[in-house]
Amino acid sequence: MDRGTVIEFLGQVPLLQRLPSSSLRRIAEVVQVKQYEPGEYVVREGEPGLGLYFIWEGQAEVSGSDASEKGNRSELQLKQYDYFGYGTGGSTHQANVVALSKLICLVLPDGYNNLLQPKSIWNAEGIPEDFSLVEHILHLEPIDVDIFRGFSLPDAPSFGQVFGGQLIGQACALAAASKTVDCLKLAHSLHVNFIVAGDVHSPIIYQVHRARDGKSFATRRVDARQHGIVMFTLLCSFQKEEAGFEHQEVLMPNVPGPEMLLSMEELRERKITDPRLPMHYRNTVARRKFVPWPIEIRFCEVGDSANQSQPRMKYWFKARGNLSDDPALHRYVVANLHLPGINIP
């Protein structure tokens with residue numbers, strides 16, 4: 001079996017939803033393929049654990065002194081994408097696992113258990129304190145299969161309500177959807193319906209619904225809930241990178257480079273000292289606490305957006321600080337940039 005097929009399989013295992021793509025790719029390199037005939041023991045009760053088993057194909061059944069007393073028979077059967085065993089050495093199996101049919105398992109040896117303990121859902125080995133603010137904002141806590149929880153950080157910019165870019169709070173929903181898709185498929189389209197504004201002081205629950213899983217495409221719907229109320233829904237599609245036709249030719253507009261433009265901090269300072277503006281307005285801006293955005297933005301045209309002749313805005317942007325290497329994360333940072341009617345403080 002080729003490595004790409006193994007990565008696609010691992011992306012469907014619920015236990016691995018919290019792992020960054022780098023960990024999944026590494027696991028795909030080190031797993032061992034084991035095959036068993038019907039009736040053959042996969043593991044025996046009391047024997048040392050050799051690693052973590054993922055069922056690639058076939059069915060197995062759990063049996064043993066404790067298993068026989070728990071639940072009905074169907075609950076003790078294992079099928080594709082189920083897993084059992086241990087990710088650390090020194091443990092012994094607590095039950096027998098017997099193949100019910102021809103069984104193929106992928107085994108992650110216990111020496112690689114560190115791959116199951118990443119620093120974040122985007123980074124396997126980095127130091128969390130070094131992650132950029134936007135990466136912290138896009139961090140999700142897996143709380144169940146296809147269900148994630150997101151938080152608004154206390155030091156993140158706040159506008160009183162969760163709406164717009166903080167909701168794809170949009171990008172977190174897209175990130176949640178991506179964690180239910182193998183890392184070879186990347187988001188290429190999305191549609192969002194906003195229903196009600198949210199509270200920045202409360203966590204948001206993202207529930208992912210698997211609409212379709214195909215060989216090249218996958219479709220997901222995400223409901224974002226707060227206090228039991230659906231705040232918005234997101235429908236997104238993922239595609240495996242493949243060669244294809246180019247349907248659009250994008251030309252770079254004639255704009256100054258970012259190094260020639262003022263930052264938002266510099267624009268704010270200019271407003272405070274501009275004698276053409278009313279003093280009460282300048283004092284109000286000066287007193288207002290300024291929290292830098294996690295995205296650095298430099299506008300090519302500065303002015304009142306309501307008076308602009310063209311219904312478009314040109315600007316350069318980049319994340320502040322260094323992002324982890326996960327390609328999906330970089331896409332979701334772009335999704336997080338949502339600037340309708342933006343005002344520079």
- [ ] Establish whether Val31 and Tyr112 are linked, either directly or via other cluster members, by ILVMFWY side-chain heavy-atom contacts under 4.5 Å.
- [x] yes

Task: Gln77 side, atom CD; Leu100 side, atom CG - distance, nearest 0.5 Å - done: 5.5 Å

- [ ] Step through the shown structure and confirm whether more than 12 heavy atoms of other residues, nucleotides or ligands are within 6.0 Å of CZ on Arg270.
- [x] no

Open item on the list: Let me confirm one number: the CD1-CD distance from Ile204 to Gln207, rounded to the nearest 0.5 Å.
Closed with: 14.5 Å

TODO: Please report the shortest heavy-atom distance between Tyr81 and Pro14, naming the atom on each side.
DONE: O-CD, 4.0 Å

TODO: For atom CD of Glu241, decide whether the heavy atoms of other residues, nucleotides or ligands shown that lie under 6.0 angstrom number more than 12.
DONE: no

Open item on the list: Could you check whether any side-chain N or O of Asp213 sits under 3.5 Å from a backbone N or O of Ala218, counting only pairs where one atom can act as donor and the other as acceptor?
Closed with: no

TODO: Measure the shortest side-chain to side-chain distance between Thr180 and Gln17 over non-hydrogen atoms and say whether it is less than 4.5 angstrom.
DONE: yes

Task: Residue pair Cys183 / Arg25: nearest heavy atoms and the distance that separates them - done: O-NH2, 3.8 Å

Task: Ion pair check, Lys240 and Glu8, cut-off under 4.0 Å - done: yes

Open item on the list: Under 4.5 Å between side-chain heavy atoms, counting indirect links through other Ile/Leu/Val/Met/Phe/Trp/Tyr residues: same cluster for Leu190 and Leu186 or not?
Closed with: no

- [ ] Determine, stepwise, if the pair Glu57 / Leu103 fulfils side-chain contact (heavy atoms from CB on, under 4.5 Å).
- [x] CA-CA 6 Å; Glu57 183 180 295; Leu103 186 70; over 6 Å; no

Task: Worked verdict on His209 versus Arg220 for side-chain contact (heavy atoms from CB on, under 4.5 Å) - done: CA-CA 6 Å; His209 304 273; Arg220 297 290 186 265; over 6 Å; no

Open item on the list: If you count every heavy atom of other residues, nucleotides or ligands that lies below 6.0 Å from Asn322 atom CG, does the total exceed 12?
Closed with: no

Task: Heavy-atom donor-acceptor pair, Glu266 side chain to Ser263 backbone, under 3.5 Å - done: yes

Task: Heavy-atom side-chain contact between Leu116 and Leu19 under 4.5 Å - done: yes

Task: Plane angle bin for Phe217 and His188 - parallel if under 30°, tilted between 30 and 60°, otherwise perpendicular - done: perpendicular

- [ ] Using atom types as modelled and distance alone, determine if a side-chain donor or acceptor of Asn96 lies under 3.5 Å from a backbone N or O of Glu45.
- [x] yes

TODO: Describe, in one word, how the ring planes of Tyr83 and Phe54 are oriented to each other, choosing from parallel (under 30°), tilted (30 to 60°) and perpendicular (over 60°).
DONE: tilted

- [ ] Any chance you could lay out the side-chain contact (heavy atoms from CB on, under 4.5 Å) test for Leu24 and Leu16, step after step, and finish with the verdict?
- [x] CA-CA 8 Å; Leu24 289 174; Leu16 307 181; 3.9 Å; yes

- [ ] Considering only NZ, NE, NH1 and NH2 on the basic side and carboxylate oxygens on the acidic side, decide whether Glu296 and Arg298 come within less than 4.0 Å.
- [x] yes

Open item on the list: I'd like to know if Met264 and Met260 are part of one continuous hydrophobic network [Ile/Leu/Val/Met/Phe/Trp/Tyr, side-chain heavy atoms within less than 4.5 Å].
Closed with: no

TODO: Assess whether atom CG of Asp325 is packed by more than 12 heavy atoms of other residues, nucleotides or ligands within 6.0 Å.
DONE: no

Task: Flag, side chain of Arg18 to backbone of Ser120, donor-acceptor distance under 3.5 Å - done: no

Open item on the list: Contact between Met231 and Arg225 at the side-chain level, heavy atoms closer than 4.5 Å - yes or no?
Closed with: no

Open item on the list: With no hydrogens and no angle check, just 3.5 Å: does a side-chain donor-acceptor pair link Glu242 and Ser216?
Closed with: yes

- [ ] Indicate yes or no: at least one non-hydrogen side-chain atom of Leu78 is less than 4.5 angstrom from one of Phe84.
- [x] yes

Open item on the list: Please determine whether a side-chain nitrogen of the Lys or Arg among Arg320 and Glu265 lies less than 4.0 Å from a carboxylate oxygen of the Asp or Glu.
Closed with: yes

Task: Rounded distance (nearest 0.5 Å) linking atom CG of Leu234 with atom SG of Cys172 - done: 11.5 Å

TODO: Measure the acute angle between the ring planes of Tyr206 and Phe232, then classify it against the limits of 30° and 60° as parallel, tilted or perpendicular.
DONE: perpendicular

Task: Ile55 CD1 to Gln80 CD distance, which is reported to the nearest 0.5 Å - done: 9.0 Å

Open item on the list: Any heavy-atom pair between the side chains of Ile7 and Ile27 that's under 4.5 Å?
Closed with: no

Open item on the list: Is there a side-chain contact (heavy atoms from CB on, under 4.5 Å) between Tyr53 and Asp82? Walk through the geometry before answering.
Closed with: CA-CA 8 Å; Tyr53 292 71; Asp82 286 341; over 6 Å; no

Open item on the list: On a heavy-atom basis, which atom in Ser101 and which in Gly58 lie closest, and how many Å separate them?
Closed with: OG-CA, 3.5 Å

Open item on the list: Assigning hydrophobic clusters by single linkage (Ile, Leu, Val, Met, Phe, Trp, Tyr; side-chain heavy-atom cutoff under 4.5 Å), is Leu184 placed with Trp122?
Closed with: no

Task: Over 12 foreign heavy atoms within 6.0 Å of CG, Asp2 - done: yes

TODO: State plainly whether the residues Asp274 and Lys271 are in salt-bridge range, i.e. N to O under 4.0 Å.
DONE: no

Open item on the list: A side-chain contact here means heavy atoms from C-beta on lying under 4.5 Å apart; do Gln32 and Leu106 qualify?
Closed with: no

TODO: Please answer whether the main-chain N or O of Glu37 pairs with a side-chain N or O of Glu40 as donor and acceptor at a distance below 3.5 Å.
DONE: yes

- [ ] For the pair Arg210 and Asp146, find out whether any cationic side-chain nitrogen is under 4.0 Å from an anionic carboxylate oxygen.
- [x] yes

TODO: Determine the minimum heavy-atom distance between Val333 and Ala319, stating which atoms define it.
DONE: CG1-CB, 4.3 Å

Task: Within one Ile-Leu-Val-Met-Phe-Trp-Tyr cluster: Ile205 and Tyr332, side-chain cutoff 4.5 Å - done: no

Open item on the list: What's the separation between atom CG in Leu50 and atom NE2 in His93, rounded to the nearest 0.5 Å?
Closed with: 6.0 Å

Task: Cys105 side chain reached by Trp56 side chain, heavy atoms, under 4.5 Å - done: no

- [ ] Over all heavy atoms of both residues, which pair between Val97 and Ala60 is shortest? Give the atoms and the distance, please.
- [x] CG1-CB, 3.8 Å

TODO: Measure across Ala28 and Leu10 and return the closest heavy-atom pair with its distance rounded to 0.1 Å.
DONE: N-CD1, 3.8 Å

TODO: Measure from the side-chain N and O atoms of His330 to the backbone N and O of Ser324, and report whether any donor-acceptor pair falls under 3.5 Å.
DONE: yes

Open item on the list: Rounded to the nearest 0.5 Å, what separates atom CG in Leu174 from atom NZ in Lys179?
Closed with: 12.0 Å

Open item on the list: With no hydrogens and no angle check, just 3.5 Å: does a side-chain donor-acceptor pair link Ser21 and Asp326?
Closed with: yes

TODO: Evaluate the side-chain proximity of Asp182 to Phe238: yes if any heavy-atom separation is below 4.5 Å, no if none is.
DONE: no

